[in-house]
Engineer: 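Quick one: structure below, then a few questions.
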2 protein chains.
Amino acid sequence: MHKGDPISMSVIRRLPRYYRFLSELQQNGTVRISSRELAQRMGLTASQIRQDLNCFGGFGQQGYGYLVNHLYREIGTILGLNHIYPTILIGAGNLGRAVATHMAFEQRGFELTAIFDHSKRIIGHKIRHMVVQDIATLTAYCQTHSPQVAVLCLPKDSVQELAETLYDNGLRFFWNFSHYDLAMKFEDVIVENVHLSDSLMTLCYRITNAPEKE
Amino acid sequence: MHKGDPISMSVIRRLPRYYRFLSELQQNGTVRISSRELAQRMGLTASQIRQDLNCFGGFGQQGYGYLVNHLYREIGTILGLNHIYPTILIGAGNLGRAVATHMAFEQRGFELTAIFDHSKRIIGHKIRHMVVQDIATLTAYCQTHSPQVAVLCLPKDSVQELAETLYDNGLRFFWNFSHYDLAMKFEDVIVENVHLSDSLMTLCYRITNAPEKE
DNA sequence: TAGATTGTTAATCGATTAACAATC
DNA sequence: TAGATTGTTAATCGATTAACAATC
């Protein structure tokens with residue numbers, strides 16, 4: 001790990017977890033913490049924590065440790081949570097509605113600005129403070145509002161159909177709950193996949209192949 | 001990688017993805033596929049695919065490749081999808097309801113048998129074919145039905161409160177959507193976490209730190 | 001048989017852990 | 001100053017890729 005090297009995905013994916021633990025420590029009123037103690041709480045090694053943090057800069061003090069509040073805010077900045085990326089959600093079925101209502105987009109760098117669906121039964125319904133719009137009006141919406149991020153809560157086939165349209169309307173960032181592999185189709189796109197089925201199957205594997213405890 | 005070594009998490013987490021791609025190929029009517037072609041479609045190397053599969057056995061034929069249908073079923077068996085682990089879901093808020101209705105538990109090795117919540121407003125409602133039960137009756141339910149897996153769709157604090165009870169009722173396998181770190185609390189427990197917020201923050205990082213394309 | 005592609009061993013690459021000098 | 005703990009370099013470990021003999 002030398003300065004200027006791109007940060008590895010392994011490190012990036014640990015950042016939100018650090019952020020969570022620090023948030024908790026802060027709420028407990030903990031002022032400082034050493035890498036050793038944080039490591040113990042998180043089930044990591046102190047070395048790893050120091051390596052991870054030093055990808056972004058020296059946030060600690062030798063002989064003292066890290067200031068919880070300071071580190072918390074630093075990681076928030078690194079994650080880019082101070083941004084407000086305008087975001088649309090497509091697919092207001094069970095999952096889409098849950099994501100729309102459940103997620104604290106504003107605290108994670110996003111602002112959910114519109115929801116689309118193609119089902120007549122759903123269009124017009126209110127979710128949070130938003131009226132579900134007809135997917136047919138998507139292009140018009142994009143031209144006036146230029147959303148940057150799309151949350152995809154549609155079945156695979158619908159996403160496949162829609163992919164081109166989304167791309168043509170300038171969307172390059174996707175939070176993808178479908179099983180359609182967007183990243184394979186477009187080069188210059190950033191896709192964060194949430195594959196719930198994969199997660200469930202992984203659990204099944206782990207249960208099935210768990211060491212017997214008798 | 002020697003025979004008898006435990007399979008690494010990296011390999012395990014790729015299995016559901018293989019399973020998905022093979023399912024698709026099967027639906028297309030593709031009979032055989034080489035590691036090279038599958039690799040190309042999935043954005044992996046042929047080497048990796050052969051290494052991964054050979055953790056579990058030799059499923060191919062030299063000079064020919066893999067039979068799609070055969071490999072698909074083999075991976076299903078490896079994943080343990082033929083099981084029917086009795087599963088309860090706790091927390092019937094937006095997310096819990098979406099998970100309950102959206103997931104094909106039966107095709108992933110599970111059977112959802114009961115749903116619990118503590119809110120008077122939700123208890124008694126029907127989700128799928130199930131009536132949401134009072135969380136106060138959880139212990140009684142566990143004693144009669146012995147569920148093995150719990151899906152946790154509660155806020156962090158509720159899970160924290162509930163953890164002991166679940167453990168005492170014999171539950172050792174968890175699909176955890178909350179931010180509470182069960183794996184830290186109990187030794188002999190298998191927890192598959194789905195941290196949607198972490199995923200969203202990771203996306204935020206990747207957008208914020210994406211290479212400029214001007 | 002010749003061509004193709006696997007299964008498997010060896011080489012490389014990257015990520016984690018250990019060690020320690022720097023320094024608060 | 002002495003003790004503690006960081007930042008950083010070096011060592012280890014594991015995962016991915018390359019190479020190739022085995023064989024269909």
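Atom set for the values below is all heavy atoms of this structure, side chains included, hydrogens, waters and symmetry mates excluded. Chain identifiers are assigned alphabetically (A, B, ...) following the order of the sequence lines, protein sequences preceding nucleic acid strands; residue numbering begins at 1 within each chain.
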Engineer: Just the rounded figure in Å: distance from P of C/dG7 to CD1 of B/Ile49.
Structural biologist: 12 Å
Engineer: Starting at CE of B/Met42 and ending at P of D/dT16, how long is that distance when rounded to a whole Å?
Structural biologist: 13 Å
Engineer: Find the distance B/Leu67:CG to C/dT6:P and express it as a whole number of Å.
Structural biologist: 12 Å
Engineer: Looking at A/Arg41 and B/Asp181, is there a salt bridge between them, counting it only when a charged N and a carboxylate O are closer than 4.0 Å?
Structural biologist: no
Engineer: Do B/Arg172 and B/Asp188 sit within salt-bridge range, that is, some charged N less than 4.0 Å from a carboxylate O?
Structural biologist: yes
Engineer: Enumerate the residue pairs fulfilling ring-ring contact (aromatic ring centres under 6.0 Å, His included) with a member in residues 178-209 of chain B, sequence neighbours excluded, ordered by first and then second residue.
Structural biologist: B/Tyr167-B/Phe186, B/His179-B/His195
Engineer: If you look at every heavy atom in B/Val149 and B/Leu171, which pair is closest and at what distance?
Structural biologist: N-CD2, 3.6 Å
Engineer: In this structure, how many angstroms lie between the C1' atom of C/dT16 and the CE atom of A/Met9, rounded?
Structural biologist: 19 Å
Engineer: In whole angstrom, give the distance that lies between atom CD1 of B/Ile7 and atom P of D/dA15.
Structural biologist: 11 Å
Engineer: Considering Watson-Crick and G-U wobble pairs with both distances under 3.5 Å, what does C/dG14 pair with?
Structural biologist: D/dC13
Engineer: Side-chain N or O of A/Arg36 less than 4.0 angstrom from OP1 or OP2 on D/dT6?
Structural biologist: no
Engineer: Taking CG from B/Asn54 and P from C/dT9, how many angstroms apart are they, rounded to a whole number?
Structural biologist: 10 Å
Engineer: Listing request: all side-chain hydrogen bond (donor to acceptor under 3.5 Å, both in side chains) pairs with a residue in residues 104-116 of chain A, at least two apart in sequence or in separate chains.
Structural biologist: A/Glu106-A/Arg128, A/Thr113-A/Tyr141
Engineer: Should B/Ile135 and B/Leu162 count as side-chain neighbours, where that means a heavy-atom distance under 4.5 Å?
Structural biologist: yes
Engineer: Scan nucleotides 17-24 of chain D nucleotide by nucleotide, 5' to 3', and note B when protein non-hydrogen atoms come under 4.0 Å of the base, S if they reach only the sugar-phosphate, - if neither.
Structural biologist: BBBB-BBB
Engineer: Provide, to the nearest angstrom, the distance between the CD1 atom belonging to A/Ile33 and the P atom belonging to D/dA4.
Structural biologist: 17 Å
Engineer: Applying a 3.5 Å limit to both distances, which nucleotide forms a Watson-Crick or G-U wobble pair with D/dA21?
Structural biologist: C/dT6
Engineer: Between A/Tyr64 and A/Arg32, is there a cation-pi geometry (under 6.0 Å to ring centre, at most 45° from the normal)?
Structural biologist: yes
Engineer: Rounded to whole Å, please give me the gap between CG in B/Leu71 and C1' in C/dT6.
Structural biologist: 13 Å
